[in-house]
Amino acid sequence: MNYWLIKSEPDAFSIDDLKNCPGRKEHWDGIRNYQARNFIRDDMRKGDLVLFYHSSCPQPGVVGLCEIVSDAYPDHTAFDPSSKYYDAGSDPDNPRWMMVDLRYRRKTKRLISLEEIKRHADRLTGFPLIRRGNRLSIMPVDKAHWDLILSLE
DNA sequence: GCCAACGTTGGC
DNA sequence: GCCAACGTTGGC
């Protein structure tokens with residue numbers, strides 16, 4: 001079982017948006033970064049747990065928990081010319097981009113802000129979220145780091 | 001809105 | 001295969 005953090009801009013898709021989806025479930029499309037793709041394709045498994053993080057907003061931070069409820073499968077938006085995620089270079093017979101389905105579990109009792117998480121940097125060695133210039137939209141979270149972040153709740 | 005940091009692209 | 005230019009991310 002692996003642990004993850006995924007970023008989403010709340011203006012585009014928030015934790016409440018996920019909660020309000022039919023079945024509280026949505027496919028996580030639009031990942032167009034090879035490192036993130038490799039995590040999805042190679043390491044994400046059904047049952048893995050995810051910290052839902054709001055980025056590019058007044059209060060960036062962890063806002064909830066969700067669960068991976070599918071194995072990785074091709075991201076069909078890459079084949080749709082009308083999609084903003086269209087990628088002419090992705091061959092349907094050999095898809096370049098993958099996605100998984102996420103299901104809402106719960107919101108955290110309060111926002112666990114990036115600023116607060118950074119205060120524990122000494123116990124979060126190697127955690128990509130607090131590395132300068134980090135742009136990964138999907139990243140693995142060590143169990144110890146997971147426990148620490150949720151202990152702040 | 002600014003800008004640092006990083007990934008990607010493309011010329012050579 | 002190098003690397004400059006460009007685009008994007010995301011905190012502030």
Side-chain angles (χ1 to χ4, degrees), chain A residues 2-21 26-44 48-68 72-102 104-142 144-153:
Chain A
N2 290 317
Y3 297 89
W4 304 93
L5 180 144
I6 61 162
K7 296 178 185 169
S8 188
E9 301 187 19
D11 287 347
F13 194 84
S14 71
I15 185 77
D16 286 314
D17 291 330
L18 180 62
K19 184 181 180 182
N20 293 330
C21 283
E26 184 60 290
H27 55 273
W28 204 250
D29 62 16
I31 298 298
R32 297 292 181 270
N33 167 285
Y34 286 102
Q35 210 180 340
R37 189 278 313 269
N38 292 346
F39 285 137
I40 293 173
R41 187 191 57 193
D42 303 333
D43 299 319
M44 272 194 169
D48 287 355
L49 294 177
V50 178
L51 296 172
F52 197 105
Y53 178 92
H54 281 172
S55 66
S56 296
C57 59
Q59 282 234 284
V62 171
V63 292
L65 269 70
C66 50
E67 180 183 348
I68 308 290
Y73 60 101
D75 182 342
H76 57 78
T77 62
F79 312 128
D80 176 4
S82 69
S83 168
K84 66 171 174 169
Y85 299 123
Y86 178 61
D87 177 5
S90 182
D91 175 1
D93 293 328
N94 185 20
R96 179 178 290 173
W97 305 112
M98 308 290 281
M99 63 184 176
V100 291
D101 294 340
L102 279 187
Y104 171 87
R105 276 214 168 179
R106 67 176 179 89
K107 291 200 223 181
T108 48
K109 291 167 201 147
R110 61 183 185 83
L111 175 119
I112 305 167
S113 71
L114 176 62
E115 187 268 333
E116 184 175 357
I117 292 170
K118 280 181 171 169
R119 270 186 247 146
H120 300 273
D122 58 330
R123 294 164 65 194
L124 292 170
T125 310
F127 187 35
L129 185 72
I130 58 172
R131 275 210 294 264
R132 215 157 42 117
N134 122 77
R135 292 170 44 189
L136 263 183
S137 56
I138 292 182
M139 65 186 75
V141 183
D142 292 348
H145 296 168
W146 173 279
D147 290 341
L148 171 62
I149 290 165
L150 286 180
S151 76
L152 304 175
E153 187 179 0

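A, B, ... follow the sequence lines: proteins, then strands. Residue 1 opens every chain.
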Has A/S8 got a side-chain atom pairing as donor or acceptor with A/H54's backbone, closer than 3.5 angstrom?
no
Please check if the side chain of A/D29 supplies one atom and the backbone of A/D75 the other of a donor-acceptor pair under 3.5 Å.
no
Assign the ring pair A/F13 / A/W28 to parallel, tilted or perpendicular, where the plane angle (0 to 90°) is split at 30° and 60°.
perpendicular
To the nearest Å, how far apart are [X] [atom1] and [N] [atom2]?
| X | N | atom1 | atom2 | result |
| --- | --- | --- | --- | --- |
| A/Y34 | C/dT8 | OH | P | 15 Å |
| A/I130 | C/dG11 | CD1 | P | 13 Å |
| A/N33 | C/dT8 | CG | P | 14 Å |
| A/N134 | B/dC3 | CG | C1' | 16 Å |
| A/Q35 | B/dT8 | CD | P | 9 Å |
| A/W97 | B/dT8 | CH2 | P | 7 Å |
| A/R32 | B/dT9 | CZ | P | 13 Å |
| A/R131 | B/dA4 | CZ | C1' | 16 Å |

Of the nucleotides B/dA5, B/dG7, C/dG11, which has the atom closest to the A/R132 side chain?
B/dA5
Quick one: is C/dG11 close enough that its OP1 or OP2 comes under 4.0 Å of any side-chain N or O from A/Y53?
yes
Phosphate OP1/OP2 of C/dG11: any A/K7 side-chain N/O under 4.0 Å
no
Verify whether the ring centers belonging to A/F39 and A/W4 lie closer than 6.0 Å.
yes
